[in-house]
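The structure under discussion appears below in the form of C-alpha cells.
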Amino acid sequence: MTRITPELLAACLSDVETGRLGPEQCVAAHPAEAEGLQQLLEIARAIPAAPPVVPDSAFRLRARVALVEAMAAGSEPRVPFFTPWWAGRRGLSGLARAPIPAFALALALVLSTTGAGAAYAAQDALPGDPLYPVKISLDEVQLAFALDDEARAGAQVARAARRTEEIQKAVEAARPAAAEEASRSFVAAVEQADRHLAWASAAGKQVAGLEARLSEDLGRMHPRLAAAGAAAETRSAITAAAQAAQAGLGSKKAGAPRQVSDQKGQSAFEGNGAAKAADAAAAAEIEDLKGEIERIGEQGGVPGQSFQGLMSHLRAAEAALGRGQHQVAARNLEAFLNQLNAFQQSGHISPADYNALHQSYQALEASLQGASATPPPRDAGGGPASGGAGGAGNRPVSPPGRR
Amino acid sequence: VQDQGTPGLARQDDDEAVLVDRAAAGDAPAFAALYDRHLQQVYRHVYYRVGHRNDAEDLSQQVFLQAWRAMPRYKRAGAPFVAWLLTIAHNEVIAFYRKSRQTNYLEVEPETRDLWSDPEAQALSQFDRLAVRRAILQLKPEQQQVVMMRFIEHFEYSAIAGALGKNEGNIRVIQHRALNELRRLLAHTVQS
C-alpha cells in the first residue's frame, strides 16, 4: 500500500466536499492508496457536526454585562457617550451629575443583547414577572459603572425610585408578594446608598450637599409610599419603606455628624482590639464560605469557571481584610454577592446551593457589620449590599429551576 | 445568528470588516455587534469541546473578554474574524482542561445527549458519533483545532492557515496526521 500524502488526502477531501467526486470515485482514482484513503474518508465523514445548542438569554445577558465590565475596566472608551435615560429624571440630582460614561455603554450593550423591545418592556415589570430579571440587570449594570461612592449612592437612590413605582403598581394590581419584595428592595437600596455616602465621607469627600439632595429625592418618594394602600400582610413592608424614605440618608437620619477615617480608605480601626476581633471573625466566615463553595464545587453544583470566580472574590476580600483595607474587602464581597445572585437568577446553581451560600454570606455580613457597630461606625468595610444585587433582598429566595 | 445589535449600527455597517476595524480602534458598539453575530458559533464550538452547557457559557464569555482585550492587536490575515475568535476559544478550552484537570469533558452531559443524535448520518457511518467526538478530544491540541475548523466549522485551508499563523501546507499535514490518529483511536475503541 502506497503512503497517502497530505496533499492527496486534502485533494480527495475537497473533491468529496465540493461534490466533484464521490468517495468511491476518489478512492477508485487512486488504486494504490485505495484502502487507506477509504478509511480516512470514512472517518472524516463520521465527524459529527456541532449539536444545535443555543445560548439562553440569561447567559447572553450575563456575558454581556461581564463584557461591559471588562470594557470599562480595561481601557478608556473611545466612542461618544450619550446621556443615560434616567439622568434627566427630576429629583435624581446625584445621578444626573455622576460621570458615568460606562453606563451609557453598558445600557447600549444590554439593550443590544436583550433586544431593545424586551428591555423597554421590562421597565414596567414587577417582581415575579418574567421580564423582571432584565430590569434588575439594568440596575446592576448601572451600579457596576458608577465610578465612585457618590455615584453609587445616587444609583442606589435611583434604584429606590424604581422600587417605589413598582410598589405603587403592585398595590394597584393587588399583587402583595410583588409589593413586599419591592419594599424590601427599597429599604436595601436606601441602606446601601447610606453606606456609599459613608464610605465617600470616610475617604475625605465632602458629601453633605449630595446627601441633602438625595435625602430630598427620597423625601419626595415618601408621600407615594405612605399613600399606597395595601393589605395587612404587605402593610408592614411598605411602612418600613416609607419610613426609610422619610428618614433620608446619613447625618440627616442619624442626627449625628459623620465620622471620618483616614484619607487612604484604610481601616479606621488600626490598633482597635474590638475591630481586630471583628476582622478575625469575618476572616473565619470567609474561610467557612470558601469551604462551602469547595464542597458544592466537588459535588458539581458550581461549574468550574464559576467556582473560580466566586473563590477569587473571596480570596481578594480575605487578603484585603488582612491588610486592613475594609473598603477593598467590601468591594470584593459585593462582587461575590452580585455573581452569586446572577447565578441564582440564571439558574446556574441549584436553589439549595444558592440558599446555603447566601446564608453563609449573611453570617459573613453580620461579622462585618459587627465591626461597623464599633465606633467609628462607617468605615468598617460595612459589608456589601444587603440584597443590593438582583433585588433579591437580604434573604434566601427560591430561584428558578436549573436549566 | 440573529443580529440584535444596535439598529443604527447594523444598518450602517453591514460589512464585518468595517465592524472589525472599528472594534480594533476601540469602538465598543462595533464589538458588541460582532459579539451578537458570533456568540452562538463560539458557544457551540466550545460546547463541542467541553460537553457541558455551564462550562461552555463560562468559556464563551471568557473568549469575548479576551478578544476585546486583544482587539487593538488584531490584524486581518485572510481569515474570517470568527476564525480568530475560535482560536481564542481553543486556547481557553486548553487552559480550562489544564486548570481543572478533569477528563469528564470526554462525555457530554446526560440531558444533552439526544442533541448529538442524527439517525440519518449515523446510518451512513460505522462509527458512533459520540465515540468520534471523544476521539477528536484525545488528539493533540493543534490537531483538534484543525479538525474542528476544517470538518465542523468548514473553513477553507487558507482561512485556517491565516487564523493559526501557518501556511496551507502545514494545515494539510496536521489534518493528515489527525485523521490517521483518529483512525488509530477509533480502531482501538472498536477493539475494546
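Residue numbering restarts at 1 for every chain, and letters A, B, ... go by the order of the sequence lines. Any value given below was found using the heavy atoms of this structure, including those in side chains, with hydrogens, waters and symmetry copies removed.
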Check: Given the options B:Glu156, B:Arg172, B:His45, which has more heavy-atom pairs under 4.5 Å with chain A than any of the others?
Finding: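 Counting heavy-atom pairs under 4.5 Å, the top option is B:Arg172.
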Margin query: Please report the interatomic distance CG(B:Leu179) to CD1(A:Ile47), rounded to the nearest 0.5 Å.
Written below: 5.5 Å
Next item on the list: Hey, could you give me the CG/CG distance between B:Asn180 and A:Leu9, rounded to the nearest 0.5 Å?
Entry: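 Output value for this atom pair is 7.5 Å.
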Check: Does atom CZ of B:Arg177 have more than 12 heavy-atom neighbours, drawn from other residues, nucleotides or ligands, at distances under 6.0 Å?
Finding: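 Result for CZ/B:Arg177: open.
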Margin query: Taking atom CD as the centre, does A:Glu292 end up with more than 12 heavy-atom neighbours from other residues, nucleotides or ligands that are less than 6.0 angstrom away?
Written below: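 Check passes, neighbour count above 12.
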Next item on the list: Go through B:Arg183 and A:Glu42 one step at a time and tell me if the side-chain contact (heavy atoms from CB on, under 4.5 Å) criterion holds.
Entry: CA-CA 9 Å; B:Arg183 176 169 59 179; A:Glu42 167 66 15; over 6 Å; no
Is there a side-chain contact between [X] and [Y] (heavy atoms, below 4.5 Å)?
X	Y	value
B:Tyr48	A:Val53	no
B:His176	A:Thr5	no
A:Leu40	B:Leu182	no
B:Gln40	A:Pro55	yes

Check: How far apart are the closest heavy atoms of A:Leu13 and B:Phe151, and which atoms are they?
Finding: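 Minimum heavy-atom separation between A:Leu13 and B:Phe151: CD1-CZ, 3.8 Å.
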Notebook entry, point to check: Which heavy-atom pair separates B:Val132 from A:Pro48 by the least distance, and what is that distance?
Noted result: CG1-CD, 3.7 Å
Next item on the list: Give a yes or no answer on whether the side chain of B:Arg44 reaches the backbone of A:Pro51 with a donor-acceptor pair at less than 3.5 Å.
Entry: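 Between the backbone of A:Pro51 and the side chain of B:Arg44 there is a qualifying donor-acceptor contact (under 3.5 Å).
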